[in-house]
Amino acid sequence: MNENEIEISVYCLAYNCVQFIDKSIHGMLNQKTKVKYKIIIHDDASNDGTAEIIKRYANKYPEKIYAILQSENQYSKGVDIEKEYIWPHIKGKYIAICEGDDYWIDENKLQFQYEYMEHHPECSLCTHNTLKYDLTDNKTKKFNNWRNTYALTPEDVFMKWYVHTSSFFLRRTCMDWNGNVYWFGDYMMLTWSLYQGKIVALPQVMSQYNWKNPNGVTYNNNMQEVNKWIETWAQLITYLNEYNELTHFKYDQYIQKKIGLVKFQCCQKEYDNIIFNSISKANSIKAAKKLKTSEYYSIYVDMKKGIWKLLRRYRYEGYFFYPLWKYIMQKYLKNDEI
């Protein structure tokens, strides 16, 4: 393939996803497009057979796939994988993403998004509806459900998780971020693309996100894990402040609101660990009251509507009905998706 003819670069980050990688690669290869595209797959020293499958596909389709197979894990060394290994191989006008444990379910995905972007130069990033498959209970539901083409608002972009990375199709020029690079690359792409133009979601369902409930790790009575989580998410506040300056405070009201929510969630991790695991009624109630009286509590509650909003309130206001509250918290409300 003449690389000067490439219009779309697709990249895939893979690590120990042997049960999905075959279907992921097949979904990328199976695209019906009128333009040339290239697939870049990076495996970060998987030890479960993922790399072998990638190598097999790369050998079979050398004109379509460029594989980067690491012998040592780069993420654990703090290497910015995308900057060091992906960007040097990006060609063309557009970039699409599909991680190794997700896959595309529509063979026309790239063509649909390409045509939309070509006809809408004001659009910086194009997304679409995605299915969410829960690996813990083998149930599938819609991750999002746009019924018509929808332009995301700043509130959608900064405060909510409305679009999945497997749906991203963006202009290559949107990758000119000059600040530090953090682990939440999809959020960075989304917010930086907003500054570059419109972010539009198409109503077609064209990818599947495979998700595993992390509850067993989140509330395991291990404060070291909780502190690690808090430290990790504190990086998001650093990024938002950096973004705010680089964009001349264009979205300051949304950024301040998001920072408030992140601060609440960091406190939430610490006190939830007490609520879910403490055998002391007094300690559990005290922790719930601390969260209820947080200055950012209203932001957390208002992120949902209807019954979900009531459940969020009950999560930290239902201690009047102890021990029913404790039972419901431990059995049903560990997952903060409510």
Side-chain angles (χ1 to χ4, degrees), residues 1-14 21 23-43 54 57-68 81-100 102-130 146 149-152 163-177 185-186 188-190 192-208:
M1 180 190 298
N2 185 342
E3 296 211 341
N4 292 326
E5 298 177 351
I6 295 172
E7 286 282 291
I8 307 167
S9 286
V10 178
Y11 78 83
C12 173
L13 301 181
I21 192 63
K23 200 166 185 177
S24 182
I25 295 175
H26 186 266
M28 290 182 278
L29 279 174
N30 202 37
Q31 292 296 301
K32 293 182 177 179
T33 68
K34 297 177 182 178
V35 296
K36 303 289 186 182
Y37 70 98
K38 172 184 179 181
I39 302 169
I40 306 159
I41 307 179
H42 180 279
D43 178 80
I54 295 172
Y57 272 102
N59 288 337
K60 188 174 181 180
Y61 302 98
E63 76 289 352
K64 208 67 169 286
I65 297 176
Y66 180 78
I68 304 168
I81 291 172
E82 290 167 318
K83 182 178 180 181
E84 294 296 322
Y85 297 108
I86 302 297
W87 302 149
H89 301 286
I90 294 290
K91 304 292 181 182
K93 192 175 180 180
Y94 300 105
I95 299 171
I97 306 168
C98 185
E99 295 185 347
D102 302 317
Y103 44 85
W104 296 341
I105 57 176
D106 191 319
E107 61 187 10
N108 297 303
K109 169 192 155 64
L110 290 183
Q111 187 63 31
F112 279 147
Q113 292 183 292
Y114 175 82
E115 290 179 356
Y116 186 88
M117 296 288 273
E118 286 289 283
H119 288 97
H120 296 85
E122 76 282 1
C123 183
S124 58
L125 190 152
C126 178
T127 72
H128 53 70
N129 286 329
T130 300
W146 311 115
T149 301
Y150 176 78
L152 274 69
V163 289
H164 190 257
T165 317
S166 61
S167 70
F168 284 16
F169 188 99
L170 64 156
R171 296 188 188 279
R172 185 179 172 187
T173 53
C174 289
M175 301 308 296
D176 59 351
W177 170 257
D186 52 349
M188 293 180 68
M189 286 183 206
L190 202 62
W192 189 241
S193 293
L194 177 68
Y195 184 62
Q196 305 291 317
K198 288 185 178 180
I199 297 176
V200 175
L202 303 181
Q204 292 92 340
V205 180
M206 296 191 283
S207 65
Q208 178 165 306

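- Residues Val35 and Gln111 share a closest heavy-atom pair of N-OE1, 4.3 Å.
- In this structure, Tyr66 and Tyr11 have side chains that are not in contact, with every pair of non-hydrogen atoms separated by 4.5 Å or more.
- Looking at every heavy atom in both residues, Met175 comes nearest to Ile95 through CG-CD1, 3.6 Å.
- Taking every heavy atom of both residues into account, Ile97 and Leu170 meet most closely at CD1-CD2, 4.4 Å.
- The nearest pair of heavy atoms linking Val163 to Phe168 is CG2-CE1, 4.0 Å.
- Residues Asp106 and Phe112 form a side-chain contact, since some pair of their non-hydrogen atoms from C-beta on lies under 4.5 Å apart.
- Between Thr173 and Gln196, the closest side-chain pair of non-hydrogen atoms is not below 4.5 Å.
- With hydrogens and angles ignored, the 3.5 Å screen pairs no side-chain donor or acceptor of Tyr103 with any backbone N or O of Cys98.
- Summarising the geometry of Glu5 relative to Lys36, their closest heavy-atom pair is O-CB, 3.5 Å, with the distance given to 0.1 Å.
- Ring geometry, His42 versus Tyr85: the interplanar angle falls from 30° to 60°, so the pair is classed tilted.
- In this pair, Tyr114 and Tyr94 present their aromatic rings perpendicular. The plane angle is above 60°, beyond the 30 to 60° band.
- Nearest heavy-atom pair across Tyr116 and Thr149 is OH-CG2, 3.9 Å.
- Rounding to the nearest 0.5 Å places OG of Ser24 at 8.5 Å from CH2 of Trp104.
- For the atom pair CE (Met117) and CD (Glu122), the distance works out to 9.5 Å, reported to the nearest 0.5 Å.
- Here Ile54 contributes atom CD1 and Ile39 contributes atom CD1; the two are 11.5 Å apart, rounded to the nearest 0.5 Å.
- Here the side chain of Asn129 pairs a donor or acceptor atom with the backbone of Trp146 at under 3.5 angstrom.
- Rounded to the nearest 0.5 Å, atoms OG1 (Thr33) and CG (Leu110) are 6.5 Å apart.
- Side-chain atoms of Asp186 and Thr165 form a donor-acceptor pair, as typed in the model, at a separation below 3.5 Å.
- Taken from CG in Leu13 to CD in Glu82, the straight-line distance is 5.5 Å, to the nearest 0.5 Å.
- Contact annotation: the side chain of Ile65 approaches that of Ile25 to within less than 4.5 Å [non-hydrogen atoms, C-beta and beyond].
- Atom NZ of Lys93 sits about 12.5 Å away from atom CZ of Arg172, to the nearest 0.5 Å.
- Counting only distance, with no hydrogens or angles, the side chain of Gln31 and the backbone of Lys109 share a donor-acceptor pair below 3.5 Å.
- Within 6.0 Å of NE2 on His89 lie more than 12 heavy atoms contributed by other residues, nucleotides or ligands.
- In summary, the side chains of Ser207 and Ser167 do not present any donor paired with an acceptor at a separation below 3.5 Å, with no hydrogens or angles considered.
- Of the possible donor and acceptor atoms, none in the side chain of Arg171 sits under 3.5 Å from a partner among the backbone N and O of Ser193.
- Contact annotation: the side chain of Ile199 approaches that of Ser124 to within less than 4.5 Å [non-hydrogen atoms, C-beta and beyond].
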